[in-house]
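What follows is a set of notes on a single structure, which appears directly below.
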Amino acid sequence: MNQKSSVHCRICDTPIEAFMSFGRMPIANGFLTAEEVSEEYFFELAPAFCGNCGMFQLIEQPQPDKMFHGHYAFYSSTSRFMQLHFENFANSVMKDVLAGRADPFVVELGSNDGIMLRHFNDRGIRHLGIEPSVNVADVARRHGIHTISSFFSPALAEDIVAEHGKADAILAANVMCHIADLRGIAAGVQRLLKPDGVLIFEDPYLGDMIAKTSYDQIYDEHVFIFSASSVKRAFDPYDLELADVMPQITHGGSMRYLLAPKGSRPASPRVHAQLEKERSQGLQEAETYLRFRQNCEASRARLMQTLEELRAQDKRVVGYGATSKSTTVTNYCGVTPAHVEFISDTTPIKQGKLSPGAHIPVRPYIEFTRQYPDYALLFAWNHAAEIRDKEKAFVAAGGKWIVYVPEVKVFS
Ligand code: JHZ
Ligand code: ZN
């Protein structure tokens, strides 16, 4: 890439440069057939940190319609734990924000298959999901959840206000960090939100990613990895103030942010404490990212050493969970079908396809249980508790797990 010097921060326009590159990368959820391989799309996955506003971001992101479309492969409801998580999220919004309000209206950006909105629907609360990926939106619609298939924008915000009025709560989970035009989203939120409304969203958290070297959170969809300080700064020009932060254990460490029109509610002491914690963790310092890069390189070397040793011993290794994250791991580290025989996944749309870039076959879960491999490479490491609980028979049969976050480890 020789255009680096002309790249500017997506939030504050300061010139930025990549501090490392994960190399040529396909679309993380771009599972494909053998016939599609010759036309596979690649871009350079290179993150940068803006020293001015503190936003961790990708230098380049593919066009949104390359990532979110009528055959988007990630269905939110594939994990029992995540179903429970979003039920709790919805309940907390009803209790802490909507209680006592007359005929409240909730909007969710990127509502996927309705994993969260269904709880509002069940209680007869007015709601609207905005989901550009039509196939997942159709699942929500089949459950009676009001959903429009569109990308959110200031213009769409105006249309929603005209039709439904302003929102008491705007929600988003694992969505906000996907949208390159975050400034457009913030402007849309500003128009859509009531003066006493709140914006609540959660995404994988930068502090956890740095602490755990979970570099696989970096892929095309995640154009930003947020921290409390970068979120505070990004929404400030839109009159939205960071009023609370709530750490979550989901996706290997996430943060839920609550923002409200300036002056409309007091900030929780947790905000100040989190900002302090980020300062002491060095999240604002360039050196932190150079160390992160070294940690990624060391993690890659150790994972490949492990996989090469197992290959030399003729051990069977199968991937567990064809996650978006696994696309970064396989392509950055050089994991091939010679290392990993196939990846087991419960999502029908991924089965029978090849994994993006590395072209490891994705097979139905039943194939994992039919003949247990010697080792399972846990690409869905964020669901480890749920999966280990479910796979006791694999371990009892002598199977071992390989994980790489926070470090490469083999265990049973
Ligand atoms: P999982 C998703 O990332 C997508 P991914 C998205 N881009 C995002 O932002 C992040 O979340 C935060 C399968 N599975 O949840 C189902 C099993 O096979 O780690 C899924 O394909 N068996 C919106 O894709 C995958 O693994 C199981 O028992 O990295 C898990 O994907 C379980 C629990 C899951 O998210
Ligand atoms: Zn910036």
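Here the rule is side chain to side chain contact (heavy atoms under 4.5 Å, CB included) with Leu199, and of Leu192, Leu171, Ile185, Ile170 only Ile170 fits it. Here the options are Val329, Thr336, Asn331, Thr330, the test is side chain to side chain contact (heavy atoms under 4.5 Å, CB included), and the partner is Cys333; only Val329 passes.
Residue-environment remark: NZ (Lys325) exceeds the threshold of 12 foreign heavy atoms within 6.0 Å. Counting non-hydrogen atoms of neighbouring residues, nucleotides and ligands closer than 6.0 angstrom, the CD1 atom of Ile249 reaches no more than 12 such neighbours. Counting heavy atoms of neighbouring residues, nucleotides and ligands inside a 6.0 Å radius, atom CD of Gln313 exceeds 12 of them. For Lys277, the NZ atom is loosely surrounded, since the number of other residues' heavy atoms within 6.0 Å does not exceed 12. Atom NE2 of His272 is surrounded by 12 or fewer heavy atoms from other residues, nucleotides or ligands within 6.0 Å.
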Tyr375 vs Val410, side-chain contact (heavy atoms from CB on, under 4.5 Å): CA-CA, chis, key distance, verdict
CA-CA 9 Å; Tyr375 292 81; Val410 177; 3.6 Å; yes
Test side-chain contact (heavy atoms from CB on, under 4.5 Å) applied to His178 and Phe224, step by step
CA-CA 7 Å; His178 293 56; Phe224 299 114; over 6 Å; no
Start with the C-alpha gap between Tyr257 and Asp203, add the side-chain angles, then the distance that decides, and say whether side chain to side chain donor-acceptor pair (under 3.5 Å) holds.
CA-CA 9 Å; Tyr257 307 93; Asp203 285 292; over 6 Å; no
Run the side chain to side chain donor-acceptor pair (under 3.5 Å) check on His119 and Glu87 step by step: do they pass?
CA-CA 7 Å; His119 301 289; Glu87 184 177 350; 4.7 Å; no
Could you go through Arg191 and Glu158, starting from their C-alpha distance and side-chain angles, then the distance that decides it, and tell me whether this counts as salt bridge (Lys or Arg N to Asp or Glu O under 4.0 Å)?
CA-CA 7 Å; Arg191 283 169 211 198; Glu158 303 275 5; 3.1 Å; yes
So Thr369 and Ile366, side-chain contact (heavy atoms from CB on, under 4.5 Å) or not? Walk me through it.
CA-CA 5 Å; Thr369 54; Ile366 184 89; 4.1 Å; yes
Please test Leu283 against Phe56 for side-chain contact (heavy atoms from CB on, under 4.5 Å), starting from the C-alpha separation and ending with a verdict.
CA-CA 10 Å; Leu283 287 192; Phe56 188 105; over 6 Å; no
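Nearest heavy-atom pair, Gly110 versus Val175, reported as atom, atom and distance to 0.1 Å: O-CG2, 3.5 Å. Counting all heavy atoms, side chain and backbone alike, Ala140 lies closest to Thr147 at CB-OG1, 3.7 Å. Looking at every heavy atom in both residues, Val362 comes nearest to Ser355 through CG2-N, 4.1 Å. Considering every non-hydrogen atom in both Tyr372 and Ala397, the closest pair reads CD1-CB, 3.8 Å. Of all non-hydrogen atoms in Met25 and Thr328, the two that sit nearest each other are CE-O, 3.7 Å. Ala180 approaches Arg10 most closely through the heavy-atom pair CB-NH1, 3.6 Å.
Side chain to side chain, Tyr205 and Glu278 meet the donor-acceptor criterion of an N or O pair below 3.5 Å. The closest side-chain donor-acceptor pair between Ser324 and Asn29 falls under 3.5 angstrom. For the residue pair Glu221 / Tyr72, a side-chain donor-acceptor distance below 3.5 Å is found, with atom types taken as modelled. Using modelled atom types and a 3.5 Å distance limit, the side chains of Glu308 and His339 yield a donor-acceptor pair. Judged purely by distance below 3.5 Å, without hydrogens or angles, the side chains of Arg256 and Thr250 never pair a donor atom with an acceptor atom. Counted by atom type alone, Glu309 and Gln305 present one or more donor-acceptor pairs between their side chains at under 3.5 Å. Glu36 and Thr33 form a side-chain donor-acceptor contact under 3.5 Å, judged by distance and modelled atom types alone.
The existence of a salt bridge linking Arg80 and Glu386 is excluded, since no basic side-chain nitrogen approaches an acidic carboxylate oxygen closer than 4.0 Å. Ion pair Arg183/Asp13 flagged as a salt bridge, since at least one NZ, NE, NH1 or NH2 atom sits closer than 4.0 Å to an Asp/Glu carboxylate oxygen. A salt bridge links Asp236 to Lys262: one of the charged nitrogens lies within less than 4.0 Å of a carboxylate oxygen.
Geometrically, Lys390 engages Tyr365 in a cation-pi contact, judged by NZ or CZ lying under 6.0 Å from the ring centre and within 45° of the ring axis. With Tyr332 as the aromatic partner, Arg300 meets the cation-pi criteria of under 6.0 angstrom to the ring centre and within 45 degrees of the ring axis.
Side-chain contact between Tyr404 and Asp216 is present, with heavy atoms from C-beta onward closer than 4.5 Å. Counting only heavy atoms from C-beta outward, the side chains of Thr323 and Phe74 never approach each other to under 4.5 Å. Looking only at side-chain heavy atoms (C-beta outward), Leu98 and Phe120 come within less than 4.5 Å of each other. With contacts defined as side-chain heavy-atom distances shorter than 4.5 Å, the pair Val37/His359 qualifies. The closest side-chain heavy-atom distance from Pro356 to Glu40 is below 4.5 Å. Contact annotation: the side chain of Met209 never approaches that of Val405 to less than 4.5 Å [non-hydrogen atoms, C-beta and beyond]. Proximity of Ile148 to Leu156: side-chain heavy atoms (C-beta onward) are separated by under 4.5 Å at one or more points. Here the side chains of Tyr75 and Lys350 are not in contact, with every heavy-atom distance at 4.5 Å or above.
Checked against the 6.0 Å centroid threshold, Phe292 and Phe49 do not count as a close aromatic pair. Ring centroids of Tyr219 and Phe22 are separated by 6.0 Å or more, keeping the two rings apart. Taking the ring centroids of Tyr320 and Phe368, they lie under the 6.0 Å cut-off.
A donor-acceptor contact shorter than 3.5 Å links the side chain of Gln61 to the backbone of Asp220. With hydrogens and angles ignored, the 3.5 Å screen pairs no side-chain donor or acceptor of Ser299 with any backbone N or O of Asn295.
Classification of the Phe201-Phe226 ring pair by plane angle, with boundaries at 30° and 60°, yields perpendicular.
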